[in-house]
Structure formats: C-alpha cells, structure tokens
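Reading through the structure tokens given below for one structure.
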Amino acid sequence: MAKQEDVFKKVISHAKEYGFIFPSSEIYDGLSAVYDYGQNGAELKNNIKQYWWKAMVQLNENIVGIDSAILMHPTTWKASGHVDAFNDPLIDNKDSKKRFRADTLIEDYCAKIEDKEKKEIEKAAKRFGDAFDKDQFVATNPKVLEYRARREAILSRMAKSLENEDLADVKALIEELEIADPDTGSKNWTDVRQFNLMFGTKLGASADSAMDLYLRPETAQGIFVNFLNVQKTSRHKLPFGIAQIGKAFRNEIVARQFIFRMREFEQMEMQFFVAPGTELEFYEKWKQTRLKWHLALGLGDENYRFHDHEKLAHYANAAADIEFNFPFGFKELEGIHSRTDFDLKAHEKFSGRKLQFFDPERNENYVPYVVETSVGLDRLFLALFSHCLKDEVLEDGSERTVLSLPPALAPVKAAILPLMKKDGLGEYAEKIFNDLKYDFNLIYEEKDSIGKRYRRQDAIGTPYCITIDHDSLNDHTVTLRDRDTMVQERVPVSELRRIIDEKTNFRNILSKI
Ligand code: GAP
C-alpha cells in the first residue's frame, strides 16, 4: 500500500498537472499558504458550493442566503472577541529563525507518543492473532497505560496554561519535553507570545484619516450584523437560518498541508436562529443533518467521525467537529457550534441597537440563540479530491489514474470526441457539442488517440466520453463510455441529454440527505 505521504504528494502534483490548483503567483515563487484554483478546480469548487447552497437554501423553506462584504466596521471584531482573543501562541527558534505554533509543537510530541501506543497494540495483535482482545489489552497493558497517562498529563497541562494565559509555563513544558525544531534539531527557543490571526488593512486615502480595518476571519459576523435586516425583510419567524458562502482570511502561523490550512480560504456557514432553551435540540438535529450531507457524497461512512468538544469556547454551550480521514489522518472538516446568544448580545452592546425578535407565541422580545454550521470549502475540496483520486490496474495489465468524483460535482460532465476531424466527423461532433452545451459543461477534443483522450478525461473525473465515428453520420448513434465501469455502449444522439442528466443531476445526491 502506498504511504500516506506519497498519496498526499500525488494529490498535490495531480491537482497542478490537471488544472485544479496552482500555487498563487507561482512565477514569483508563490506565496506561502495561498493557492489559485485553475480551470477544473474552479468548476469543482463551484459545484461543491452549489451542492451546499441547494441543500441549505433551496431545500429548506426557512433558510435564506446572503452575500455580505469582506470588509466590516472594525467594531464588529471588538464585539465578536476577535480583537482580544483570536490568537495563537507562537514561538520562534533562535537558530533556524523559524516560527511555530507552541501548542502544535506539543501536540505533535503527543502524537508521537500515540504512535508508540499504536505500535504496541499492533505488535500484540500480531502476536495473539484471532485471540487478541483489543479492549482488554488497551485497558491492562502497562506500557499502553503509561503512554496514555503521559499524553493526557501533557495535554491537560498545556490546556490549563493556555486557559490561564500562562505562556511561560507553555515554554517551560516545551523545554521539559526537550522538543526540538523538527527541521534542524535546535532547542534554542524564544519565549511564547500571543499572535493575533487577523489581517489588518486600511480604509481611506490619507494617513491621518485612514480607518484600520480587518479582513474578516470568518463569514459568520456578516450574518450576525444582518440578522434584523434579513429577519424583517424575509418575514421569517424563528426558527430560521441565514446561509452564506465567502472568503475568510487568517494569518496562520503554521500553514501546512496544502489547501487544508490556508491564509485565504472560503467558508460555507449557516447561522440558525432559535428560541432560547431550544438550542441543544437544534444542535443535535444539525449535527445529524450535516453528517448526512457529507455521507451523501459517497466517500465512505467509515471516513467520517464526530469529535465532541470537551473544552468549550466561552460563548458556546455545545460544539463538535465532523472529522474526515484526510491522507494525513482524521482532521476537522466542519464545525457545529451552539453559540448561545453571545454574538447578538455583544453586537447589541457595542452598537447600541436592539437585535431581538418578538415571539408572538411567547408574547415577548428576546435575543435569539444561534446554532452554527461551518464547513471549509477548500477542506471539502481536499477531502473529495484526495479520496477520489485512484490509480487502477486494469484487466489487461495497463494502468489508469481516475478521479471518481460524484458525477454531479465533476468539473466536466461529458467530453465530445470525434474519432477524427475529417470526413465530416468534426462537424457532426460540433453539432452535438453546440446542442448539449446549454445544459452541461463539456469539453471538445479531437487531438491524440481515443485511448489517450479517455485517460485525460478519467484524470479530471469526466463521467462520460462521447465518441463520434463514421457510423454516427449514418445511424445517428455514438459510443458512450462510462468513467467508472469503462463500459462502452452505442446510444442514439437524441438520448444523450437524458442520459447525462440522469447521471449528473444534483438530485442524485440531494435526495439522499
Ligand atoms: N464561524 C466559525 C468558525 O469560523 P472555525 O472552526 O474557526 O469556526 C470553520 O472554522 C471551518 O473553516 C473549519 O472547520 C475549516 O473547515 C475551515 N477553516 C478554518 N480555518 C481554515 C484555514 N486556515 N484554511 C482552510 N480552512 C479553514
């Protein structure tokens, strides 16, 4: 089996080679943790957005979608707590001059202990064979118990120090554990400092009158400040939701793992406004609904899991992540948070405006509670792309690389391939292209052997290839090749629209939610 690292390298190189993702400003050697989406990447991203938007806005009578500005009044970020508390603890290595997140260094150290624990379990499983009782082994083996206790002690000390803002103790912990710069081995560290993740910018021309602004670090606040505008103009009663897709910016200290952690990324967020006291019921409902939405993509139920937060942010009374099994292990894909009335109350306080709802059933005004679902568009792109990219050995011993994306999300729905340009085949193929282009995103290709053209379409995940040959001119049929089964069948041209639509319609996934 290919090593996870190799799989990930292949994902990155395939994304570039086939026009999905390029390093930003590559001709200037790129910009760290910023990426551009190419012609196929932009299509895939748009289709993911459509899947989310349709599931949220189109299928739910009580959810509407907005598009708020990236730049917001700076007081927004004071009220939301981002100015004071949207920080990561950073530490520099004095020798290598490299910057790290102090908590990540400690977490990576603990991950190594966890690896040792796993190896111990694997060794025992091999030794005992079928008789191996994993639960019993884990509960009683002294080595495993020692590893686990050590890990828990380190992580709980770190959590306590961070909570108490005792950064000196975080540094002391790094020194006690003898954690070294992973690249150079140097243990010559600076003190730990807090680092605000928001990007600053200025509004206005002259230096004296310019206003300091931030690029939004989450889209959610654009929803909160518009709560009343939307509620009044949509005339929705509680419970109702506001959805939004948009860019967010975070000056991540350690931005690694390709598009998993970027400095400019996109979020798809929905704030569901509910009556106080009902929020935990809706939180549970949204947890399940969101998981179902992910599962409908067909990437395998075993690749998702919930991670319920034990330590909650000060504004939340429940929170969980949906984690996905990325090539580098299970990591957060989406967050579901019960945010209480914290945000709206804070905006009431800082703006002096009432952000309340008159509930005719309770006959009272109140600040609604909020359940939020927040998924990273780029992370979802990575989950899909890395899971669907496969090298296959065919029956005849040849190999192919195929991107088996859900057909509704595929960048190109069908490729129109005349066997050759001459003898009128090119013109006939163009006629088919011009007829179907109003319904589907297509590719027209006449260069190279048909086999090579099939391989290129497999590599970008095109569900159907349509080959036009000499017979097509007489009997108005074409060869339709299925990406996944590679089965080729003869079909009438007049049936193409129906067949492609049947395969690629969003209904196929939306109806599973
Ligand atoms: N409004 C809530 C919020 O922003 P979050 O957990 O900080 O919560 C939500 O972010 C989601 O946004 C994450 O689950 C992740 O998918 C995505 N995300 C966060 N930071 C990111 C980054 N630097 N690069 C890519 N995606 C990111």
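All heavy atoms count here, side chains included; hydrogens, waters and symmetry mates do not. Just so you know, ligand 1 is whichever comes first in the structure, and atom 1 is the first atom listed for that ligand.
With contacts defined as side-chain heavy-atom distances shorter than 4.5 Å, the pair Asp378/Lys45 qualifies.
Taking a heavy-atom cut-off of under 4.0 Å, ligand 1 is surrounded by Glu218, Ala220, Arg250, Glu252, Phe260, Arg261, Met262, Phe265, Gln267, Glu269, Glu332, Leu333, Glu334, Gly335, His337, Arg339, Glu372, Ser374, Gly376, Arg379.
The number of heavy-atom neighbours closer than 6.0 Å to NZ of Lys390, taken from other residues, nucleotides and ligands shown, is above 12.
In this structure, Tyr37 and Phe381 have perpendicular ring planes: the angle between them is above 60°, well past the 30° mark. The aromatic rings of Trp293 and Tyr51 lie parallel to each other, their planes meeting at an angle below 30°, with 60° marking the opposite boundary.
Under the ring-ring contact (aromatic ring centres under 6.0 Å, His included) criterion, the residue pairs touching residues 152-198 are Phe100-Trp189, with sequence neighbours excluded.
Going from atom CG of Leu355 over to atom NZ of Lys349 covers 14.0 Å, rounded to the nearest 0.5 Å.
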